[in-house]
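First the structure, in the form of structure tokens, and then the observations on it.
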Amino acid sequence: MADFDLVKEGARQMTICNACRYCEGYCAVFPAMEQRRIFTKADLTYLANLCFDCRDCYYACQYAPPHEFGVNIPKLMSELRADTYSEFTWPAMLSGLFRHNALAVGVITAASMIIILGLVLAYQGSAVLFGVHLGAGAFYRVVPFVAMTVPPSLIALYGFAVFTIGAIRFWRETQGSVVELINLAALWRATKDAFGLAYMKGGGAGCTYPDEKFSLSRMWFHHLVFFGFLLDLVATSIAAFYDHFLGWQAPYPYFSLPVVFGTVGGIMLVVGTIGLLYLKWHSDRDPAHASMFSMDVAFLVMLFLTSFTGLLLLGFRETTAMGMLLVIHLGVVAGLFITMPYGKFAHVVYRYAALVRFSIEQSRVADDAPRAP
Ligand code: HEM
Ligand code: SF4
Ligand code: SF4
């Protein structure tokens with residue numbers, strides 16, 4: 001739907017909800033909606049990123065299709081979210097990567113793997129690639145230290161810059177000011193809501209996902225993915241500290257901190273991504289938007305491949321398979337991080353920003369409420 005039509009349609013559906021208000025206990029979207037009478041593009045951007053796609057309002061709605069009002073809030077919100085991601089990204093010419101996300105992720109990952117393999121064969125040779133390497137520095141004998149550290153650091157910095165620009169644009173669009181951010185209570189509440197996935201519980205009984213039965217399975221699988229990802233980041237940071245500051249080179253012993261955190265995080269990611277992919281496969285497509293659906297699947301597959309190839313590398317690091325597994329794992333990691341600013345990971349930034357805006361707004365509403373004499 002063209003941008004203008006989507007905003008018009010969003011305002012139409014929100015106006016119906018604002019008159020009905022049946023769903024006000026389900027999530028943050030409805031209390032935020034009730035603070036408004038008209039719905040501008042900025043309002044809809046904010047509300048869309050506040051919607052956790054629990055779908056409770058869809059199955060509860062007496063005006064959902066086939067009713068002539070055609071109210072379908074989760075679908076509307078996911079389309080608006082997809083628009084947010086491409087509109088606020090930088091540079092604008094890469095925004096098309098959101099629309100053709102699965103293709104872009106596949107091509108970039110395959111290309112990364114082929115380039116790494118080509119460079120290893122050209123500079124190290126096949127004897128090194130298929131040899132057995134043991135002891136400190138074993139991985140660096142296949143892919144040299146500089147190649148393994150400098151490009152990933154540059155890619156991570158680039159991603160951070162893209163997301164910072166996106167967050168600033170989102171904050172400006174939703175009429176936020178810098179002064180508002182000096183509200184530690186609001187930041188704390190938003191952080192708690194983000195880590196606890198507060199609105200993936202719908203009205204309390206859970207999401208109506210993948211179908212109309214209440215379930216907390218999506219929330220628990222997402223927790224596994226979220227905390228597994230964080231554990232893997234912690235593992236990588238400890239390994240970097242060991243390497244740069246203590247001079248201890250990987251591979252580390254099986255019971256060292258980086259390996260234990262990395263393994264637990266990797267297993268959580270494998271289980272969580274398989275669970276979420278299973279639910280997605282069985283999910284009702286009517287309350288979903290196609291571009292968000294394919295973005296979800298692409299990101300889930302990449303997270304699964306990253307953790308699975310990482311665990312394989314750990315299991316076979318003392319065999320002749322190590323060289324090829326390292327190339328494959330690094331290719332997948334490169335694909336994941338290069339495409340991260342232009343795919344589903346964007347939800348982390350905009351959802352957190354929307355939760356902060358909601359917290360600030362609610363504390364203002366509480367301050368303005370009339371007090372008992
Ligand atoms: C600020 C913290 C986060 C919040 C509030 C959050 C919230 C959500 C919500 C509400 C959804 C479902 C709606 C949607 O499709 O957007 C979702 C989906 C997803 N999230 Fe997060 N998330 C957070 C962080 C993360 C992190 C760190 C990861 C992993 C790197 C992650 C991975 C995913 C994936 C793969 C999906 C798609 C899964 C599906 O559709 O079932 N999220 N997230
Ligand atoms: S989604 Fe339907 S039932 Fe819920 S508030 Fe909107 S119109 Fe009412
Ligand atoms: S889908 Fe869930 S989170 Fe989104 S507006 Fe409806 S009730 Fe709220």
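Start at 1 and go down the list; that is how both ligands and their atoms are numbered.
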Heavy-atom closest pair, residues Ile108 and Gly335
CG2-CA, 4.4 Å
Residue pair Phe139 / Pro251: nearest heavy atoms and the distance that separates them:
CE1-CB, 3.8 Å
Among all protein heavy atoms, pick out the one at the shortest distance from [atom]; state its residue, atom name and that distance to 0.1 Å.
atom                    : answer
atom 15 (O) of ligand 1 : Lys344 NZ, 2.5 Å
atom 2 (Fe) of ligand 2 : Cys61 SG, 2.3 Å
atom 3 (S) of ligand 2  : Gln62 OE1, 3.3 Å
atom 41 (O) of ligand 1 : Arg218 NE, 3.2 Å
atom 29 (C) of ligand 1 : Val225 CG1, 3.8 Å
atom 6 (Fe) of ligand 2 : Cys17 SG, 2.4 Å
atom 18 (C) of ligand 1 : His222 CD2, 3.7 Å
atom 24 (C) of ligand 1 : Val348 CG2, 3.6 Å
atom 2 (C) of ligand 1  : Phe226 CE1, 3.7 Å

Qualifying residue for ring pair (Phe, Tyr, Trp, His ring centres under 6.0 Å) with Phe226, from Phe221, Phe195, Trp220:
Phe195
Using a strict 4.0 Å cut-off to heavy atoms of Leu276, name the atoms of ligand 1 that fall inside it.
38 (C), 41 (O)
Output the list of atoms in ligand 1 that are nearer than 4.0 Å to some heavy atom of Asp53, sorted by atom number.
13 (C)
Are the charged groups of Asp53 and Arg55 less than 4.0 angstrom apart, N to O?
yes
Enumerate the atoms of ligand 2 whose separation from the nearest heavy atom of Cys20 is less than 4.0 angstrom.
3 (S), 5 (S), 7 (S), 8 (Fe)
Under 4.0 Å from a heavy atom of Tyr63: give me the atoms of ligand 2 that qualify, with their elements.
7 (S)
Would you call [X] and [Y] a side-chain contact if the rule is heavy atoms closer than 4.5 Å?
X      : Y      : answer
Met33  : Phe39  : yes
Asn72  : Pro74  : yes
Asp232 : Phe261 : no

Specify side chain, backbone, both or neither for Phe299, according to which of its non-hydrogen atoms lie closer than 4.0 Å to ligand 1.
side chain
Residue portion contacting ligand 1 (non-hydrogen atoms closer than 4.0 Å) for Leu197:
side chain
Do the ring planes of [X] and [Y] sit parallel (below 30°), tilted (30 to 60°) or perpendicular (above 60°)?
X      : Y      : result
Tyr85  : Phe98  : tilted
Phe345 : Phe163 : tilted
Phe170 : Phe88  : perpendicular

Under 3.5 Å, is there a donor-acceptor pair between the side chain of Tyr26 and the main chain of Tyr22?
no
Heavy-atom distance to atom 11 (C) of ligand 1: which of Met219, Met292, Met200 wins?
Met200
What do you reckon, are the aromatic ring centroids of Tyr278 and His282 less than 6.0 Å apart?
yes
Counting heavy atoms not belonging to Tyr254, are there more than 12 under 6.0 Å from its OH?
yes
Heteroatom count (protein N, O or S) under 2.8 Å of atom 6 (Fe) of ligand 3:
1
